[in-house]
Number of protein chains: 2
Amino acid sequence: MPVASPTDTKSELLEAAERLFAEHGIARSSLRAITREAGANVASVNYHFGSKEGLVKAVFAHRLEPLNRERLALLDRCLESAKGDPDLKCVLRALIGPALQMMRDREPGHKCFAQIMGRAFADPEERVRSILLDEFREVRERFTAVLAVILPQLSPEELFWRFHFMIGAMAHTAAGSFFVTRHSAGVVDPSEVEGMTLKLVNFLAAAMSAPATRSPRKTKKRKK
Amino acid sequence: MPVASPTDTKSELLEAAERLFAEHGIARSSLRAITREAGANVASVNYHFGSKEGLVKAVFAHRLEPLNRERLALLDRCLESAKGDPDLKCVLRALIGPALQMMRDREPGHKCFAQIMGRAFADPEERVRSILLDEFREVRERFTAVLAVILPQLSPEELFWRFHFMIGAMAHTAAGSFFVTRHSAGVVDPSEVEGMTLKLVNFLAAAMSAPATRSPRKTKKRKK
DNA sequence: GTCTATAGGTGGATAGAC
DNA sequence: GTCTATCCACCTATAGAC
């Protein structure tokens, strides 16, 4: 037999779920709506994925594994091409570029998944969080280790917080906030992903390179 | 008659809702759970707030109005104390400080609301978004105008994106991401709000001051 | 203002025919 | 593998007694 048809029910369900999760959120996308969107039967999700949770995990795994593999591959290329002295912007682009690129890709579902992922960082539902946490662990550890070498002036605590702030900016941007479409007043083009990525990398490179924060030793020091 | 008791049913409902919204999210907090938490009756929400949506709006209005008033007051103080030449960090602290301070305040509910607000920026539910959008509009316009004066080298487009990235970092931090508690490995103390605020302001001041991003004119230029 | 009881709807999951 | 029919838990909202 040939390879499985790319439009079989299981794939249709994955793509339909991705679209609806992006539009309405995971919790508010019912199995009935998903199966209707996929042109399949209500029982098909339980047949193919065991439960709604199984479907959610499948959607994340399907996109996050290639995404994180690409991040790590790009990081390796940064390390190779500049032996012992990796470039900060190269590393940041390896972390951020692949995620934002998903907002652009033509393949159906990709643009949507960037939104799902961006929102998942803020999702209060334990199961969604733990999926992202597991998938992201290796990426986090490897990038943190490299950044510690590039930015030796930062204490582990300060590096931790800067990484945290960086994730926030990235997630908010990947989520494609409503603010962009409603507040932009014609001044920006959210579909111009490459320019957006350049601006975010530029923004974060300056932020990560900032001098270490002085400890707030109650000395009431004046800034400026 | 004296002033209304501070522990009347309406206030109890507001505080109970805030706690549960922070812990489980708005959509997953049922009126049954909220009224049980408040020690009130299931019908009390509809009596006092008309509907669940009315309760949600009341929770947001109750916290966001004072929060945004404080932001604007602090911004005015930045402008006064340095006539014609406001300090960037002072302005950033006016925007960010009051929000992060909510994570610390002893008054019950405040810490929780920082989480709700942080997540609301990524919430796919239209009604939640529009509440935040309306409440945030004036703050956004005034801060953007002041930042345009402090950072004249930025085009409106670049300023727009930098403001966007900044909101992401702030919201993610205020939401008190699970990453902090699970990945910190004893290296940070999330309850140390003042140090966290200093670090975020320092991080963002460097980011906002970064040189304007070069336009990606297909010239395949090498960085570094 | 507060309560009980219930209406009216939607959710995930499954049994069993085909 | 796919479908229909159905179960049961849970939701918001309201009617009406107190």
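Numbers restart at 1 for each chain; the letters A, B, ... are given by sequence-line order, proteins then strands.
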Quiz item: Leu13(B) has an atom CG; how far is it from atom P of dA13(D), in whole Å?
Solution: 14 Å
Quiz prompt | Listed once per pair and sorted, the disulfide bond (SG atoms under 2.5 Å apart) pairs that draw on residues 8-78 of chain A, sequence neighbours left out | solution = Cys78(A)-Cys90(A)
Quiz item: With sequence neighbours left out, what residues match Arg19(B) under side-chain hydrogen bond (donor to acceptor under 3.5 Å, both in side chains)?
Solution: Glu37(B)
Exercise. Go through the structure and list residues passing side-chain hydrogen bond (donor to acceptor under 3.5 Å, both in side chains) with Thr213(A), not counting sequence neighbours.
Key: Glu158(A), Asn202(B)
Quiz item: Which whole-number value in Å describes the distance from Lys52(A) NZ to dA13(C) C1'?
Solution: 13 Å
Exercise. Check salt bridge (charged side-chain N to carboxylate O under 4.0 Å, His left out) between Arg28(A) and all other residues, then give those that pass, not counting sequence neighbours.
Key: Glu125(B)
Quiz item: To the nearest Å, how far apart are Asn46(A) CG and dC7(D) C1'?
Solution: 14 Å
Self-check item: Value in whole Å for how far the P atom of dG12(C) lies from CD of Glu53(A)
Solution: 13 Å
Quiz prompt | Rounded distance in Å - CD1 (Ile34(A)) to P (dG11(C)) | solution = 10 Å
Quiz item: With Asp134(A), which residues qualify under side-chain hydrogen bond (donor to acceptor under 3.5 Å, both in side chains), at least two apart?
Solution: none
Quiz item: Which of these, Asn46(B), Leu13(B), Thr9(B), sits in a side chain to side chain contact (heavy atoms under 4.5 Å, CB included) with Thr35(B)?
Solution: Leu13(B)
Self-check item: Sorted by number, the residues of residues 21-31 of chain B with heavy-atom contact under 4.0 Å to DNA chain C
Solution: none
N/O contacts under 3.5 Å, protein versus nucleotides 2-5 of chain C?
residue	atom	partner	partner atom	Å
dT2(C)	OP1	Thr9(B)	OG1	2.9
dT2(C)	OP2	His48(B)	NE2	2.9
dC3(C)	OP2	Asn41(B)	N	3.4
dT4(C)	OP2	Asn41(B)	ND2	3.2

Quiz item: Could you give all pairs that pass the side-chain hydrogen bond (donor to acceptor under 3.5 Å, both in side chains) test and reach residues 68-78 of chain B, with sequence neighbours left out?
Solution: Asn68(B)-Arg71(B), Asp76(B)-Arg142(B)
Practice problem: Mind checking salt bridge (charged side-chain N to carboxylate O under 4.0 Å, His left out) for Lys57(B) and listing every partner two or more places apart, or none if nothing turns up? | Solution: Glu53(B)
